[in-house]
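Side chains are part of it too, since the values below use all heavy atoms of this structure and drop only hydrogens, waters and symmetry mates.
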Amino acid sequence: MAQSSLARRSGAQLALDYLCGWAQKRENWRFQKTRQTWLLLHMYDCDEVPDEHFPALLAYLEGLRGRARELTVQKAEALMRELDEEGPGADPRLLEKTQRIRQVLQLLS
């Protein structure tokens with residue numbers, strides 16, 4: 001179990017390093033589908049993608065094209081409907097997740 005947690009952390013760190021490399025426009029930055037996929041799957045989770053990285057992630061998402069962009073919008077809309085059905089909650093994590101979803105929808109729609 002601890003090894004799986006460690007693997008997840010290293011995957012998170014690799015994805016965040018990838019994002020930072022993109023944001024800094026390093027000459028050796030290269031597109032990596034696995035890292036992009038990880039970021040897209042975890043972007044609403046404040047523990048996985050800390051607040052200090054979220055603005056860079058939004059900037060990265062601006063360049064999203066094609067099917068990846070369409071799927072990201074569809075998933076964000078579905079998540080928003082799901083959260084709307086649950087009703088307003090006092091859980092600050094849910095509020096933050098909702099705020100992130102709204103920002104992504106506003107950016108990509």
Side-chain angles (χ1 to χ4, degrees):
M1 183 98 138
Q3 189 175 13
S4 139
S5 175
L6 183 60
R8 190 159 28 111
R9 278 202 196 109
S10 72
Q13 193 55 55
L14 289 169
L16 293 174
D17 289 347
Y18 168 80
L19 180 64
C20 290
W22 174 85
Q24 295 169 2
K25 306 281 190 220
R26 280 194 239 161
E27 294 153 11
N28 61 351
W29 182 86
R30 298 285 182 261
F31 174 74
Q32 296 178 36
K33 184 158 184 70
T34 346
R35 305 290 173 245
Q36 176 176 294
T37 300
W38 189 97
L39 289 167
L40 294 175
L41 287 172
H42 297 92
M43 67 182 159
Y44 305 121
D45 185 336
C46 303
D47 292 331
E48 297 285 358
V49 180
D51 288 340
E52 67 258 18
H53 293 287
F54 196 67
L57 181 56
L58 286 174
Y60 179 85
L61 292 176
E62 277 187 291
L64 212 54
R65 299 282 177 253
R67 190 74 178 134
R69 187 182 188 103
E70 292 170 21
L71 283 173
T72 301
V73 169
Q74 288 172 5
K75 287 179 182 180
E77 288 171 341
L79 278 170
M80 190 55 88
R81 280 191 299 274
E82 191 178 301
L83 290 171
D84 284 345
E85 288 171 9
E86 289 178 17
D91 184 359
R93 291 171 146 296
L94 264 180
L95 294 173
E96 177 122 12
K97 183 176 184 175
T98 303
Q99 183 179 20
R100 284 185 173 205
I101 295 168
R102 282 193 179 120
Q103 287 178 291
V104 168
L105 283 172
Q106 185 176 22
L107 176 74
L108 298 180
S109 297

Next item on the list: Mind listing the closest non-hydrogen atom pair of Q32 and Y18 along with its distance?
Entry: N-OH, 3.3 Å
Checklist line | M43 side, atom CE; T72 side, atom OG1 - distance, nearest 0.5 Å | finding: 5.0 Å
Next item on the list: Could you grab the distance from atom CG of L40 to atom CD of Q36, nearest 0.5 Å is fine?
Entry: 5.0 Å
Check: Got a second to check how far E77's CD is from D84's CG, nearest 0.5 Å?
Finding: 11.5 Å
Note to self: Do F54 and L94 sit in one hydrophobic cluster, given that two such residues count as connected whenever their side-chain heavy atoms are within less than 4.5 Å of each other, even indirectly?
What the structure shows: yes
Check: Is there a path of hydrophobic side-chain contacts, each under 4.5 Å between heavy atoms of I, L, V, M, F, W or Y residues, that connects L16 with F31?
Finding: yes
Notebook entry, point to check: If you take all heavy atoms of L83 and I101, which pair is closest and at what distance?
Noted result: CD1-CD1, 3.6 Å
Next item on the list: Could you tell me whether the side chain of R93 reaches within less than 4.5 Å of the side chain of D47, counting heavy atoms only?
Entry: yes
Margin query: Restricting to non-hydrogen atoms, name the atom on C46 and the atom on D51 that form the minimum distance, rounded to 0.1 Å.
Written below: SG-OD1, 4.3 Å
Check: Between R35 and D17, is the closest basic N to carboxylate O distance under 4.0 Å?
Finding: no
Note to self: Looking at every non-hydrogen atom in both residues, tell me the closest pair between D45 and R100 and how far apart they are.
What the structure shows: O-NH1, 3.7 Å
Item checked: hydrophobic_cluster_shared for L58 and W29, side chain cutoff 4.5 Å -> yes
Item checked: Short N-O contact, E70 and R67, less than 4.0 angstrom -> yes
Checklist line | E62 versus R69, closest heavy-atom pair with distance | finding: O-NH1, 3.4 Å
Checklist line | W38 and H42 aromatic ring geometry - parallel, tilted or perpendicular at 30°/60° bounds | finding: parallel
Note to self: Once rounded to the nearest 0.5 Å, what's the spacing between atom CD of E48 and atom CD of Q13?
What the structure shows: 11.0 Å
Next item on the list: Please say whether more than 12 non-hydrogen atoms of neighbouring residues, nucleotides or ligands are located less than 6.0 Å from CD in Q106.
Entry: no
Note to self: Are the side chains of R102 and L105 in contact, using a 4.5 Å heavy-atom criterion?
What the structure shows: no
Notebook entry, point to check: How far apart are the closest heavy atoms of L19 and A56, and which atoms are they?
Noted result: CD1-O, 3.8 Å
